[in-house]
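In what follows, a structure is listed as structure tokens, so that the remarks can point back to it.
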There are 2 protein chains.
Amino acid sequence: MAEAKRAQSSDKRQRILEGALKAFARKGFYNTKVSEIASEAGVADGTIYLYFKNKDDLLISLFEDRMEWVIERLRSELAEVEGDIFKKIHRIIELHFRLATDQADLAEFITVELRQSAKFVKEYKNQRFVDYLVIIEELVAEGQKEGVIRDDVDSRLVSRAMFGALDEVLLQLTLSKAAGMDVERMTAQVADLFVEGLKSR
Amino acid sequence: MAEAKRAQSSDKRQRILEGALKAFARKGFYNTKVSEIASEAGVADGTIYLYFKNKDDLLISLFEDRMEWVIERLRSELAEVEGDIFKKIHRIIELHFRLATDQADLAEFITVELRQSAKFVKEYKNQRFVDYLVIIEELVAEGQKEGVIRDDVDSRLVSRAMFGALDEVLLQLTLSKAAGMDVERMTAQVADLFVEGLKSR
DNA sequence: GCGGACTGAATGACGATTCATTTTTCTACG
DNA sequence: CGTAGAAAAATGAATCGTCATTCAGTCCGC
């Protein structure tokens with residue numbers, strides 16, 4: 001019966017999350033009214049409170065939900081990369097940028113809102129985000145073990161730096177939608193920059 | 001007379017900006033009450049409106065004010081660097097990180113609030129931020145002209161990536177105050193990562 | 001005692017959340 | 001089947017707290 005309930009629920013819950021994503025991407029968390037999310041999702045204001053404790057909870061749930069999806073995607077794409085570590089790094093960067101075109105709202109939400117609220121950045125531990133970093137970190141560490149990546153760099157630091165670079169470039173890409181930037185070219189350049197920076201000499 | 005007014009004013013205006021910086025760094029823009037800023041600055045609530053149009057204006061003014069300072073500082077420090085482009089890049093990174101220890105509030109404010117409001121990221125053009133990027137961009141372009149930096153990378157893209165990396169690492173540094181990270185070591189590693197990535201082969 | 005700087009209590013708007021009511025879905029019985 | 005009645009889900013108007021902002025009054029330098 002929990003199943004039956006869920007079956008119904010999930011539809012509406014999902015619609016609320018989608019509405020929230022669209023609204024947050026457009027106007028930011030604090031400038032979005034709960035009633036706007038409701039109308040975007042095609043439900044009544046009160047309905048939102050049947051699925052989420054409050055507006056903050058909605059933000060966190062949305063972030064968790066989408067990041068989980070991104071991370072799964074990243075994991076599975078990485079798994080099917082044939083070739084060396086550097087190919088994998090290239091793939092991470094590619095996927096990251098691909099988001100900007102495939103899922104503009106999501107990209108905007110993540111880049112802009114990730115740092116949004118004090119709650120988000122400080123209180124809330126943000127495990128999903130850590131997961132993402134760890135994927136990069138492990139890749140670098142693996143390369144170091146193999147001897148193809150210089151081992152005088154801290155893999156943790158590198159993963160941060162790399163994420164930051166990707167995030168910032170993505171932000172730029174997201175906000176200046178019009179500009180017909182060549183995403184492939186960008187991917188190649190950023191990947192190359194890091195690969196050359198990381199290679200053992 | 002505008003001068004006389006300013007002379008008096010500047011003291012109070014400055015105190016308000018400082019109070020705002022402290023408060024915003026601690027709780028973020030939207031969670032900070034105007035009355036908190038006022039009490040932090042030791043003025044009455046209403047006084048703030050003698051110096052700033054409204055809360056948004058206060059945010060923008062604060063950002064402009066501090067970024068201008070950072071940029072001037074960066075320019076003058078760069079001017080006195082003897083040596084090649086790569087030394088200068090090292091210095092940018094060093095200054096960026098030095099902020100985290102010297103001016104924790106400012107660092108937190110810039111990293112967290114830079115992307116804060118939709119207003120900030122989208123509507124407001126954010127010239128100061130562009131100025132910062134241009135400094136990096138010109139440095140890279142110069143290196144390319146000299147032939148020491150590979151010219152198959154877009155200097156604009158690189159400046160974005162580099163800023164993103166610095167910003168993210170700084171964010172980390174800022175939020176995890178306790179952790180006795182070795183700032184010098186971090187500077188060296190990040191600088192090296194980019195320098196190796198940028199060098200002509 | 002005039003004029004501008006300052007004060008802080010009062011105002012008013014706004015918007016998250018609640019909850020009395022309505023609608024839908026489910027259950028069980030003829 | 002069809003239907004009555006109960007339970008669950010959904011609604012949206014009303015509530016209630018929270019501030020940003022204002023402005024009538026006070027203070028101070030000249």
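Any value given below was found using the heavy atoms of this structure, including those in side chains, with hydrogens, waters and symmetry copies removed. On a predicted model such as this, the values are computed, not experimentally measured, just so you know. Lettering of chains follows the sequences in order, A, B, ..., and the numbering in each one begins at 1.
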Practice problem: State whether A:Thr47 places a side-chain N or O below 4.0 Å from either non-bridging phosphate oxygen (OP1 or OP2) of D:dT11. | Solution: yes

Self-check item: Separation of D:dA10 P from A:Asp45 CG (nearest whole Å)
Solution: 14 Å

Quiz item: What does A:Thr32 touch in the nucleic acid at a heavy-atom separation under 4.0 angstrom: a base, only the sugar-phosphate, or nothing?
Solution: sugar-phosphate

Exercise. Whole angstrom is fine here: how far is it from NZ in B:Lys27 over to C1' in D:dC19?
Key: 12 Å

Quiz item: With respect to the phosphate group of D:dA10, does any side-chain polar atom (N or O) of A:Lys12 fall under 4.0 Å of OP1 or OP2?
Solution: yes

Exercise. Using a heavy-atom cut-off of under 4.0 Å over every strand shown, decide if B:Ile48 touches base, sugar-phosphate, or nothing.
Key: nothing

Quiz item: Is any side-chain nitrogen or oxygen of B:Tyr51 closer than 4.0 Å to OP1 or OP2 of C:dC6?
Solution: yes

Quiz prompt | SB check A:Arg15 A:Glu18 (cutoff 4.0 Å) | solution = no

Quiz item: Between atom CG in B:Leu58 and atom P in D:dT21, what is the gap in whole Å?
Solution: 10 Å

Quiz item: Any idea which of C:dG15, C:dT17, D:dT21 is nearest the B:Tyr49 side chain?
Solution: D:dT21

Quiz prompt | Rounded interatomic separation in angstrom, taking OH from A:Tyr30 and P from D:dA20 | solution = 13 Å

Practice problem: Round to the nearest Å and state the distance from B:Asp11 atom CG to C:dA5 atom P. | Solution: 14 Å

Practice problem: Could you tell me the separation between the CG atom of A:Leu50 and the P atom of C:dC19, rounded to a whole number of Å? | Solution: 13 Å

Quiz item: Between A:Glu137 and A:Arg160, is there a salt bridge with N-O shorter than 4.0 Å?
Solution: no

Self-check item: Integer-rounded Å distance: C:dG15 C1' and A:Ile37 CD1
Solution: 12 Å

Quiz item: Got a salt bridge between B:Asp154 and B:Arg156, using NZ or NE/NH1/NH2 to carboxylate O under 4.0 Å?
Solution: no

Quiz item: Passes ring pair (Phe, Tyr, Trp, His ring centres under 6.0 Å), A:Phe29 versus B:Tyr30? Steps please.
Solution: CA-CA 10 Å; A:Phe29 178 70; B:Tyr30 289 102; 8.8 Å; no

Practice problem: Round to a whole Å and report the spacing from NZ of B:Lys55 to P of D:dC19. | Solution: 9 Å

Practice problem: Indicate yes or no: does A:Glu77 engage A:Arg98 in a salt bridge with an N to O separation below 4.0 Å. | Solution: yes

